[in-house]
Amino acid sequence: MAVDILLGLQWGDEGKGKIVDVLTQNYQTIARFQGGPNAGHTLEFDGHKFVLHTIPSGIFHKGVKNIVGNGVVIDPIIFKQEIEKLEKHDKDVTQRLFISRKAHLILPTHRFLDAASEASKGKKKIGSTLKGIGPTYMDKTGRNGIRVGEIELETFRDKYNQLKAKHDQLIKLHEFDYDVTESEKNWFEAIAYLKTLNLIDSEEYFHQGLRENESILAEGAQGTLLDIDFGTYPFVTSSTTTSAGACTGLGIGPNQIKNVFGIFKAYVTRVGSGPFPTELFDENGVHMSKVGNEFGATTGRPRRCGWLDLPALKYAINVNGVTELMMMKADVLSGLDEIKVCTHYMYRGKKIDYLPYTIDEANLSPVYETLPGWKEDLMQMKTKDNFPKTFVDYLNYIEEKTETPIKIVSVGPDRAQTIFWKD
Ligand code: GDP
Ligand code: IMO
Ligand code: MG
């Protein structure tokens, strides 16, 4: 068997958690490969609703192993709280949860550094989730970070004190007020708890699994347009959210990867700052926000909404090597008379159909094609046969423009509201 990857093609919140949960029945292992508690992956089934931040979205399936890979950054406090919530639903969750010793730890001072850095940027702030993600990845690449495996060693306290002292100096430079006492106490309690969980040499786990023909699904967090290299820099996150990140974030070779599932909303959302060419400020945007309930699963902030952006989608498909698409939240567009799709950009006076270096308003504006909408409530659809023709035309149009098949259409937040469009 091989590794499949599922990842977001836009600015995150495409519905990754829901679809990983739906697909878990086909896999023996689900593995998160990057990001941390900046993610919020929502799952709904049998009247329950859960938001996962660090834990992979296959956790509700008994008999399936869930791995937090080396590419992930873990805040032990949030991680412990997350597990405790899940344990109320199923007391055995930790038995199927495994954590890479090479994953990096988010310290309380990383969170303060994140806040201090954002405050110092003023209007130019990234709109970070303030979970300490950027500073933790900076310490990782700066070779100062503390990894999960360190908590099993005697040197752990010294390493912590050294890194904290370094952070204290940096935060002072920002003239930022903070008191770490309370969160430090909680953090060490959470570290003691983390020590009781299954800590593993995860790359070895994957190598052995692949030798034994295990099926593995790698779950991405954030989205392609938030990737540290290929996103709308500097308004991005600090990890590799694209398919290459699954190799470095799990320790597997590119020749082990088979399918790359690219997931996108039938429109586009973005939370936080940064350019968004198709953003809407009219009643259509309000419709998407209201009907789609577009509020961040981690921070509760309202998500900005806009029309589907084909040059950006094609770019994301190419950067990731997407083999199959999954279209989410098509139900939200029901009731609109017309649906617009951005097919090109006007970029410094020229019409182009790719994503250029800068996509800010001053350089670029979207060119739209208008398609007819549909009135029918898609949430009630159980099979492919009853969808309105104008919806099918919209879907076929996207497939044709992206030259990539759409395999799944999602028509509601529940696990059951999922249509397998193609075998
Ligand atoms: P993720 O970060 O990619 O896992 O996505 P989020 O959980 O942050 O955001 C997706 C939101 O849309 C969640 O509230 C989901 O419950 C919801 N959702 C997922 N798929 C659909 C869908 O097809 N239709 C509707 N209406 N909601 C959906
Ligand atoms: P999921 O996995 C949407 C955004 C933040 C901010 C930028 C940098 O649920 O799709 P960070 O805290 O990472 O330094 O913030 O990235 N962001 C997300 N937006 N979904 C996410 O995750 C996100 N994770 C980070 O809003 O603009
Ligand atoms: Mg989310």
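Note that ligands are numbered from 1 as they come in the structure, with each ligand's atoms numbered from 1 the same way. Because the structure is predicted, anything quoted here is derived from the model rather than measured.
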- Message: Quick test of your reading: applying side chain to side chain donor-acceptor pair (under 3.5 Å), list the pairs with at least one residue in residues 396-409, sequence neighbours left out, ordered by first then second residue.
- Response: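 Checked against side chain to side chain donor-acceptor pair (under 3.5 Å) - neighbours excluded - the pairs reaching residues 396-409 are Glu324-Lys407, Glu369-Tyr397, Glu399-Lys422.
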
- For Thr136 and Gly132, indicate whether the former's side chain and the latter's backbone hold a donor-acceptor pair under 3.5 Å.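 Yes, Thr136 side chain to Gly132 backbone: donor-acceptor pair under 3.5 Å.
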
- Task: Quick one: closest heavy-atom pair of Gly69 and Ser100, and the distance?
- Result: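 For Gly69 and Ser100, the tightest heavy-atom pair comes out as C-CB, 3.6 Å.
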
- Query: For atom 6 (C) of ligand 2, which candidate among Gly272, Gly127, Gly223, Gly220 holds the nearest heavy atom?
  - Reply: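 Shortest heavy-atom distance from atom 6 (C) of ligand 2: Gly127.
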
- Item | Glu219 side chain to Ser57 side chain, donor-acceptor N/O pair below 3.5 angstrom |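 Checked: Glu219/Ser57 side chains pair up, N/O donor to acceptor below 3.5 Å.
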
- Query: In terms of the angle between their ring planes, are Phe176 and Phe112 parallel, tilted or perpendicular, with boundaries placed at 30° and 60°?
  - Reply: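 If you compare the ring of Phe176 with that of Phe112, the planes turn out tilted.
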
- Tyr160 vs Phe188 aromatic rings, parallel, tilted or perpendicular, using cut-offs 30° and 60°?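 Because their plane-to-plane angle is over 60°, the rings of Tyr160 and Phe188 count as perpendicular.
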
- N, O or S atoms of the protein lying under 2.8 Å from the Mg ion (ligand 3):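 Metal shell, protein only: Asp13 OD1, Gly40 O.
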
- Message: Tell me which residues fall inside the under-4.0 Å heavy-atom shell around ligand 1.
- Response: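 Ligand 1 pocket, heavy atoms under 4.0 Å: Asp13, Glu14, Gly15, Lys16, Gly17, Lys18, Gly40, His41, Thr42, Glu44, Ala297, Arg303, Met328, Lys329, Asp331, Val332, Met379, Ser410, Val411, Gly412, Pro413.
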
- Task: With sequence neighbours excluded, tell me which residues meet salt bridge (charged side-chain N to carboxylate O under 4.0 Å, His left out) with Lys314.
- Result: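 Result, salt bridge (charged side-chain N to carboxylate O under 4.0 Å, His left out) vs Lys314: none returned.
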
- Taking the six-membered ring for Trp, is the centroid-to-centroid distance between Phe60 and His48 below 6.0 Å?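 Not close enough - the centres of the two rings lie 6.0 Å or further apart.
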
- Which protein non-hydrogen atom lies closest to atom 17 (N) of ligand 2, naming both residue and atom, and how far is it?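 Among all protein heavy atoms, the one nearest atom 17 (N) of ligand 2 is Leu226 CD1, 3.8 Å.
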
